[in-house]
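Since the structure comes first, as structure tokens, the remarks are kept for the end.
Both counts, for ligands and for their atoms, begin at 1 and track the order of listing.
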Amino acid sequence: MNFPTFDINKVKTPCYVTEECYLKYNGEILKSVQDRTGCRILLAQKAFSMYSTYPLLKNYLAGTTASGAYEARLGYEHFGCYEGKETHVYSPAYKKSDIDELINYAEHFVFNSIRQFSLHKEKLSGKSCGIRVNPRFSTQGDHEIYDPCAKNSRLGQTVESFKADVEKYGLDGISGLHFHTLCEQNSDDLESTAMEVEKQFGEYLYDMKWINFGGGHHITRDDYDIERLVRVIEHFKCKYDLQVYLEPGEAVALNAGFLVSEVVDIIDGSKNGDMDIAIMDVSAACHMPDVLEMPYRPKLLDSRNSLAGEKGEKAYTYRLGTVTCLAGDIIGDYSFDEPLKVGDRLVFCDMAIYSMVKNNTFNGMALPTIYYNTEEGLKLIREFTYDDFKSRI
Ligand SMILES: *Cc1c(COP(=O)(O)O)cnc(C)c1O
């Protein structure tokens with residue numbers, strides 16, 4: 001677990017603070033995997049698009065991947081396309097106008113089916129095109145919202161559908177296969193998934209130039225089995241002579257950022273339940289929507305940098321709510337050694353990923369200020385105002 005290395009009292013709240021030292025730590029791990037295996041690792045911008053960090057990240061990564069034109073353009077313009085960095089894009093379907101724009105930014109295109117590719121292939125000469133496959137091999141347990149292998153999934157082509165399309169359209173112009181089925185998983189799940197992909201699609205791999213293992217690899221987590229990842233990459237590289245790509249989002253900025261918040265008020269809970277309520281200046285719905293969607297419980301540090309406990313674990317338990325009108329906008333129940341006071345600062349951990357990219361101004365909530373903490377100190381990257389709220393509507 002990472003602690004803030006900046007003074008939490010020197011920032012405006014609410015704010016996200018991303019820390020260079022932790023991005024570097026992750027970057028070194030990802031770079032070592034690439035150096036050892038020759039694989040290329042791309043940043044999935046869906047998870048983390050804080051482009052002020054791209055000058056740092058491009059020291060470690062081979063490029064970016066995008067889910068559409070905006071992300072592709074951001075990666076192209078800020079991640080060093082002029083220095084040989086790659087821009088990949090995948091979408092379940094492209095409009096003609098999407099392709100017209102994307103060809104300016106991306107050189108690798110992943111399609112959801114050979115049929116989708118056939119609709120656009122004329123415009124794609126000189127581009128490297130691949131197909132996303134769906135091995136229908138789920139390793140995720142109960143996270144159906146994050147499981148591309150769930151029944152009726154729209155994401156990727158099953159082997160039956162792929163074979164039918166090969167009959168109809170051939171494989172001309174297709175040089176890669178892509179699968180993405182993991183979410184916060186270790187390399188044992190990657191291995192079993194990759195073996196399944198090989199079983200189903202292996203006969204086609206000899207004709208391909210690359211394979212993309214997608215994202216969801218928690219490579220920078222302490223207990224991640226990197227040796228197994230290396231073996232899986234080497235297998236595809238050696239047996240099929242493939243360039244292997246990985247496109248993690250989370251792993252790039254895992255534990256690299258914080259959301260600093262302040263207690264606005266405290267409500268006595270004894271008249272309407274069994275715990276006091278702290279009203280915070282951050283909202284789960286607006287500033288960390290995965291807390292409600294996934295759902296999950298972020299780690300929380302109190303103003304003295306000690307980790308808050310589960311409900312009832314420490315002497316003083318509070319439900320953390322916020323100033324929006326949504327009854328369910330609850331961050332969670334946490335306990336502390338000392339009573340909370342108005343003005344106390346609380347720090348939510350692991351808030352660089354799926355936070356800034358997902359936040360919104362529901363209920364007129366302000367967007368948190370963004371800081372980047374580097375060796376030169378805290379840099380204010382962006383502050384938001386009324387105009388940011390107004391201009392979107
Ligand atoms: C979400 C996504 C990623 C990144 O996933 P992480 O869980 O953040 O590593 C990569 N590729 C595709 C196609 C995705 O949808």
Any nitrogen or oxygen of C183, main chain or side chain, under 3.5 Å from a nitrogen or oxygen of ligand 1?
no
Could you tell me the residue and atom name of the protein heavy atom closest to atom 3 (C) of ligand 1, and the distance to it rounded to 0.1 Å?
H180 CE1, 3.6 Å
Just which atoms of ligand 1 are under 4.0 Å from any heavy atom in P248?
9 (O)
Does F336 have R304 sitting over its ring (NZ/CZ under 6.0 Å from centre, angle to axis within 45°)?
no
Presence of salt bridge, K31 and E28, under 4.0 angstrom:
no
Heavy atoms only, cut-off 4.0 Å: how does K46 contact ligand 1, side chain, backbone, both, or neither?
side chain
Is there a heavy atom in H218 that sits closer than 4.0 Å to ligand 1?
no
Regarding Y25 and E19, is there a side-chain donor-to-acceptor distance under 3.5 Å anywhere?
no
Do E310 and R297 sit within salt-bridge range, that is, some charged N less than 4.0 Å from a carboxylate O?
yes
Sub-4.0 Å atoms of ligand 1 with respect to non-hydrogen atoms of R132:
13 (C)
Looking only at protein heavy atoms, which one is nearest to atom 8 (O) of ligand 1, and what is the separation?
Y354 OH, 2.6 Å
Should E250 be counted as touching ligand 1, given the test is an N or O pair under 3.5 Å?
yes
May I ask you to identify, for E184, whether its side chain, its backbone, both or neither come under 4.0 Å of ligand 1 on a heavy-atom basis?
neither
Are the side chain of D350 and the backbone N or O of K299 linked by a donor-acceptor pair below 3.5 Å?
no
Identify the protein heavy atom lying closest to atom 4 (C) of ligand 1, giving its residue, its atom name and the separation to 0.1 Å.
A44 CB, 3.5 Å
Mind checking whether G249 has an N or O less than 3.5 Å away from an N or O of ligand 1?
yes
Below 30° counts as parallel, above 60° as perpendicular, anything between as tilted: where do the rings of Y105 and Y76 land?
tilted
Determine the interplanar angle of the F213 and F236 rings, folded into 0 to 90°, and report it as parallel if under 30°, tilted if 30 to 60°, perpendicular if over 60°.
perpendicular
Counting both backbone and side chain atoms, is some N or O of E247 under 3.5 Å from an N or O of ligand 1?
yes
Measure the acute angle between the ring planes of Y240 and H235, then classify it against the limits of 30° and 60° as parallel, tilted or perpendicular.
perpendicular
